[in-house]
Amino acid sequence: MFQDWRRDRLTKRVKPGDGRPLKRFRWWQLLSRGLMHLRAPGENGRPMDYAVSVGYLGDAKTGEVMARLYLDGRLHAEAKTPAVFPVPGGVIEVATSAFGLKRCHYVTEEGARQLVPDSRSAEGRRARFDRSHPVWSRWIGVISLILIGIGVVLVLLELAEQLTAIPPVAESIGAFVSPVHLPLWLTIALGAGAVAGSTERALRLRYRWYLDGAAG
């Protein structure tokens, strides 16, 4: 019930597009734009080509991260993320995190499937690397998890130390002293590693709030 209420609320935020053409993905947009594609049957059975373009840096005027839905190469609708676009047969759900896309799926009564990333985008290049080098791809995924895990543990230790330093808390349960005290350069390096790990996972649209959310 909550999922249906949330989906209805997000659907009401969708604004109609002005028909402007979809811009070609450029190499300098690798870290600032996501572009996903979907070919789905329309109401009359004719295949319809959808594209979802997301600017990760936010709209130039409002600063909000916008998702724009294109139909047959023309702007059909737009909404700030998270967004839900009604389309024949279901909806297209789009959500972002601090690192990029965390969801871009076509959802029907039969289930959900992820849209296909544009071959020129960072997500498309990562998908192509996964297909051509599956073993290396899995190892990169494992390394990303390790980097994020280390970052999350350090954050939790620091948070516990700061919380128990509050006098009422310290008097109640005692003060916690983190067993890990790293030099500043290593702390910065591990933090950058956690960000890199979450960015890599975002390229594969892998998101878990307890990992990538904490890293963010």
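- Here the CZ atom belonging to Arg201 is positioned 10.0 Å from the OG atom belonging to Ser97, to the nearest 0.5 angstrom.
- Leu184 belongs to a hydrophobic cluster whose other members, connected by ILVMFWY side-chain contacts under 4.5 Å either directly or through intermediates, are Ile188.
- Annotation for Leu186: atom CG counts as buried by contact number, over 12 foreign heavy atoms lying within 6.0 Å.
- To the nearest 0.5 Å, the span separating CD on Gln29 from CH2 on Trp27 amounts to 10.5 Å.
- The salt bridge (charged side-chain N to carboxylate O under 4.0 Å, His left out) test applied to Arg46 returns Asp72, not counting sequence neighbours.
- Heavy-atom minimum distance, Tyr56 versus Gly34: OH-CA, 3.3 Å.
- Judged by distance alone, the side chain of Arg120 and the main-chain N or O of Arg26 form no donor-acceptor pair under 3.5 Å.
- Atom CG of residue Leu35 and atom OG of residue Ser119 lie 9.0 Å apart, to the nearest 0.5 angstrom.
- At a threshold of 4.5 Å between non-hydrogen side-chain atoms, the residues Val54 and Val94 count as touching.
- Residues Met48 and Arg39 fail the side-chain proximity criterion, which asks for heavy atoms closer than 4.5 Å.
- When each of Lys102, Arg126, Glu123, Arg103 is tested with Leu205 by the rule side chain to side chain contact (heavy atoms under 4.5 Å, CB included), just one qualifies, namely Glu123.
- From Ser53, atom OG reaches atom CE of Met66 across 11.0 Å, with rounding to the nearest 0.5 Å.
- Put simply, Leu69 and Val116 are part of two different groups of oily side chains (I, L, V, M, F, W, Y) that touch within less than 4.5 Å, one to the next.
- Only one option out of His37, Arg33, Arg24 pairs with Asp118 in a side chain to side chain donor-acceptor pair (under 3.5 Å); it is His37.
- Panel note: side chain Thr164, backbone Ala160; a donor-acceptor pair is recorded below 3.5 Å.
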Please list every donor-acceptor pair under 3.5 Å in which a side-chain atom of residues 75-85 meets a protein atom from a residue at least two apart or in another chain.
residue, atom, partner, partner atom, Å
Glu78, OE1, Arg68, NE, 2.9
Thr81, OG1, Val65, O, 3.3
Thr81, OG1, Thr96, OG1, 3.2

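- At least one side-chain heavy atom of Pro21 sits less than 4.5 Å from a side-chain heavy atom of Arg74.
- At least one donor-acceptor pair under 3.5 Å links the side chain of Ser132 to the backbone N or O of Arg128.
- Placement of Leu22 and Phe25 within a single hydrophobic cluster is found when ILVMFWY residues are connected by side-chain heavy-atom separations under 4.5 Å, directly or transitively.
- The hydrophobic cluster containing Leu10 also contains Val91, counting ILVMFWY residues as joined when their side-chain heavy atoms lie under 4.5 angstrom apart, directly or transitively.
- Residues passing the side chain to side chain contact (heavy atoms under 4.5 Å, CB included) test with Ala202, sequence neighbours excluded: Phe99.
- In plain terms, the two heavy atoms of Tyr50 and Leu71 that are nearest each other are CE2-CD1, 3.7 Å.
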Sequence neighbours excluded and cut-off under 3.5 Å, please list the side-chain donor-acceptor pairs for residues 143-159, or say none.
residue, atom, partner, partner atom, Å
Ser144, OG, Ile140, O, 3.0
Ser144, OG, Glu200, OE1, 2.8
Glu158, OE2, Gln162, NE2, 2.8

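- Contact annotation: the side chain of Ile92 never approaches that of Met36 to less than 4.5 Å [non-hydrogen atoms, C-beta and beyond].
- In this structure Thr108 satisfies the side chain to side chain contact (heavy atoms under 4.5 Å, CB included) test together with Tyr106, Glu110, sequence neighbours excluded.
- Going from atom CG of Leu101 over to atom CZ of Arg204 covers 14.0 Å, rounded to the nearest 0.5 Å.
- Side-chain contact between Val52 and Leu115: present, with at least one pair of heavy atoms (C-beta onward) separated by less than 4.5 Å.
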